[in-house]
There are 2 protein chains.
Amino acid sequence: MTPTDPDADAPAAPADRVRTLTRPDHEAARDLAAAALQRGDLLTVVGRCTVTYEGRAASELGPGDRHLTCKPDGTAMVHSDEGRQPVNWQPPGSEHEVSLHDGHLRVRSTREPPTEELVVDFERVLHVGAFDVTDEADLALVGTEEHLRERILDDPALVEPGFTPLATERETAAGAVDVFGEDAAGRTVVLELKRRRAGPDAVSQLARYVDALARDLHADAEVRGILVAPSATDRARRLLDERGLEFVALAP
Amino acid sequence: MTPTDPDADAPAAPADRVRTLTRPDHEAARDLAAAALQRGDLLTVVGRCTVTYEGRAASELGPGDRHLTCKPDGTAMVHSDEGRQPVNWQPPGSEHEVSLHDGHLRVRSTREPPTEELVVDFERVLHVGAFDVTDEADLALVGTEEHLRERILDDPALVEPGFTPLATERETAAGAVDVFGEDAAGRTVVLELKRRRAGPDAVSQLARYVDALARDLHADAEVRGILVAPSATDRARRLLDERGLEFVALAP
DNA sequence: TTGTGGATGTCGCCG
DNA sequence: CGGCGACGTCCACAA
């Protein structure tokens, strides 16, 4: 927290839900940023800065123009002008603090564990913004692996005629199997589902479950493993063949 | 870049590197946003909006306050007040456009392939910002898997006395092996490196390489596989044992 | 363009 | 908390 305002018991003015400064001096920027963190606002800072990170790894980033976001949940992100990924960040649950260092505006974010520290040092501030935002809505997403599973449970013949699902997330020594069932001949079947084109790791995953189940059941039990995905790479196909596993093309 | 302005030979006014509006009406917001996209600025919009996405999957998001970023490289991100991940986004290379719909400010981002469309519809705009930002600096990151590899090549005895690296990224039928070498007895050794605690997938990956190499070489060739990581989960240890593979504890 | 595997992955779920 | 696997993963790099 900021080292100010221990007892703001006087009813704060119903401040604007948005407060911004353009090209503020560093003290004004610090004040607005500190107030934003204090109030649990979303804080944005744009300007020329350097960034250092130390934690699971460590990084240095020289001067450049970037966009910093500090969320009320403790997330911090430093975005450059390119890329979907922030160039540096701190996960939710971190604590942010703002200060002046050598006449620079410094935002420091720490968390623990693991111990991680992100320091963003602005030598020039183009913009500071404090936003009182709330979001109650939930994202409704379709086309996931879960939908593929529902499709199969709805109509098991999509996998093959006579296939009967018996369980989902069935536990084995190697982990939980996506769909567990049996074929028309009563043989055990394991499905591994992928919402998109499957690669070698999907095959390895399926193989782990098949091996584990074959061991869990009788030594003589035959266990079929079927990879269900819209498509599979050549290498994945080859690995399937080598392991005596099968493939069924099916999309979410 | 924007697909316009073939001959902007008239010297553009040395416009501010930052232009923002607070609680603009939708037309003013549209004008500033359009100018920002035109100029290749970083565009930010904060306000109450709904979001729809359709492409590799599809999603709907009801009304809430969010922060939209459009980068000059075609990236778009919609951030809510929580989480490190944007609630919706568009990858770099997309094209953004801004318009008025039913009196709302609408930002639409599309790309191809795959065909994907993101529509952000603001019913209330708290803030619009246009920032002329550049970032030449490169991130210097340490503690990656590559550093672990360099550590091993520097001092192969960290793996075991007598270990001799012969190649990195050596190709096999199953893909490229992290480190390929031989032990003191001249046996072929495959290393799979992980910068952090290793799980079952790391073991499967190593097993794929060992199997492929044993096949590529002679049928009677013995190939040792060693997982090198700071630590490994119980399940990973068990899988290593089952497959006759080994583990060496080593951190980047 | 596609394939492949790393990532400070993040995130949710479950023991 | 740690393990485990999905993700509209993103991303760089190689073929």
Side-chain angles (χ1 to χ4, degrees), chain A residues 53-59 75-78 82-94 111 113-118 139 141-149 169 171-172 174-178 192-202 204-205 208-209 231-237 252, chain B residues 53-59 75 77 82-93 111 113-118 139 141-149 169 171-172 174-178 192-202 204-205 208-209 231-236 252:
Chain A
Y53 155 75
E54 183 142 7
R56 287 165 289 173
S59 72
T75 304
M77 293 172 296
V78 181
E82 292 184 337
R84 224 275 293 172
Q85 295 301 128
V87 63
N88 277 115
W89 71 92
Q90 200 69 300
S94 308
R111 76 144 170 170
T115 300
E116 293 195 295
E117 179 188 52
L118 177 72
L139 183 72
L141 180 66
V142 296
T144 65
E145 180 182 300
E146 188 183 348
H147 293 97
L148 177 55
R149 174 173 52 200
E169 301 298 318
E171 278 301 328
T172 74
V177 163
D178 282 341
E192 174 59 34
L193 313 184
K194 291 296 166 197
R195 69 167 300 280
R196 61 173 195 173
R197 188 169 176 81
D201 38 348
S204 290
Q205 208 181 328
R208 288 207 301 274
Y209 297 143
S231 59
T233 67
D234 282 352
R235 190 114 71 185
R237 297 273 194 168
Chain B
Y53 155 76
E54 183 143 5
R56 285 166 290 173
S59 71
T75 304
M77 293 171 295
E82 291 184 338
R84 225 278 290 171
Q85 296 300 129
V87 63
N88 276 114
W89 71 92
Q90 201 69 301
R111 76 146 172 169
T115 299
E116 292 194 295
E117 179 188 52
L118 177 73
L139 183 73
L141 180 67
V142 297
T144 65
E145 180 182 300
E146 188 183 349
H147 293 98
L148 177 55
R149 173 172 52 201
E169 301 299 317
E171 278 302 327
T172 74
V177 163
D178 282 342
E192 174 59 33
L193 313 183
K194 292 297 168 196
R195 70 167 298 281
R196 61 173 195 173
R197 187 170 177 83
D201 43 346
S204 290
Q205 208 180 328
R208 289 207 303 275
Y209 298 143
S231 58
T233 66
D234 282 353
R235 192 115 72 186

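Residue numbering restarts at 1 for every chain, and letters A, B, ... go by the order of the sequence lines. Just the heavy atoms: all of them, side chains too, but no hydrogens, waters or symmetry mates, feed the values below.
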Count the heavy atoms of every other residue, nucleotide or ligand shown that sit under 6.0 Å from CD of A/Gln85, and state whether that count exceeds 12. yes
Tell me, yes or no, whether the heavy-atom count around B/Glu117 atom CD, taken from other residues, nucleotides or ligands under 6.0 Å, exceeds 12.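 Yes - once you tally the heavy atoms of other residues, nucleotides and ligands closer than 6.0 Å, there are more than 12.
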So does B/Gln205 reach the base of C/dG5 with its side chain, donor to acceptor, closer than 3.5 Å? no
Which listed nucleotide (C/dG9, D/dT9, C/dT4) is nearest to the side chain of A/Arg56?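 The closest nucleotide is C/dG9.
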Return the nearest nucleotide to the side chain of B/Lys194; candidates are C/dG6, D/dG8, C/dT10. C/dG6
Give [X] one of three labels, base, sugar-phosphate or nothing, depending on what nucleic acid heavy atoms sit under 4.0 Å from its own.
| X | answer |
| --- | --- |
| A/Ala202 | nothing |
| B/Pro92 | sugar-phosphate |
| B/Pro200 | sugar-phosphate |
| A/Glu192 | sugar-phosphate |
| B/Glu54 | nothing |
| A/Arg208 | sugar-phosphate |
| A/Ala174 | sugar-phosphate |
| B/Gly83 | sugar-phosphate |
| B/Ser59 | nothing |
| B/Asn88 | base |
| A/Arg197 | sugar-phosphate |

Quick one: does [X]'s side chain get under 4.5 Å of [Y]'s, heavy atoms only?
| X | Y | value |
| --- | --- | --- |
| A/Arg84 | B/Pro92 | yes |
| A/Pro252 | A/Thr144 | no |
| B/Asp178 | B/Glu169 | yes |
| A/Arg195 | B/Arg56 | yes |

Could you tell me how far apart [X] ([atom1]) and [N] ([atom2]) are, to the nearest whole angstrom?
| X | N | atom1 | atom2 | result |
| --- | --- | --- | --- | --- |
| A/Asp201 | C/dA7 | CG | C1' | 14 Å |
| A/Gln85 | D/dG8 | CD | P | 13 Å |
| B/Leu148 | C/dG5 | CG | P | 18 Å |
| A/Arg196 | D/dC7 | CZ | C1' | 8 Å |
| A/Glu145 | C/dC13 | CD | P | 14 Å |
| A/Arg237 | C/dT2 | CZ | P | 16 Å |
| B/Leu118 | D/dG8 | CG | C1' | 11 Å |
| A/Glu169 | C/dC13 | CD | C1' | 9 Å |

Tell me whether the OP1 or OP2 atom of [N] has a side-chain N or O from [X] closer than 4.0 Å.
| X | N | answer |
| --- | --- | --- |
| B/Thr144 | C/dG6 | no |
| B/Tyr209 | C/dG5 | yes |
| B/Trp89 | D/dT9 | no |

5' precedence on DNA chain C between A/Pro91 and A/Glu171 (nearest-nucleotide basis):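 The residue mapped nearer the 5' terminus is A/Pro91.
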Closer to the 5' end of DNA chain C via nearest nucleotide, is it B/Arg84 or A/Arg235?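 Nearest-nucleotide comparison on DNA chain C picks A/Arg235.
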Please measure how far the P atom in D/dC4 lies from the corresponding atom in D/dG8, and state the result in whole Å. 23 Å
Using atom P of each nucleotide, how far apart are C/dT8 and C/dT4 to the nearest Å? 23 Å
For DNA chain D, whose closest nucleotide is more 5', that of B/Asp234 or that of B/Arg111?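 Checking each residue's closest nucleotide, the 5'-ward one belongs to B/Asp234.
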Per side-chain hydrogen bond (donor to acceptor under 3.5 Å, both in side chains), B/Ser231 is matched among B/Arg197, B/Arg196, B/Lys194 by B/Arg197
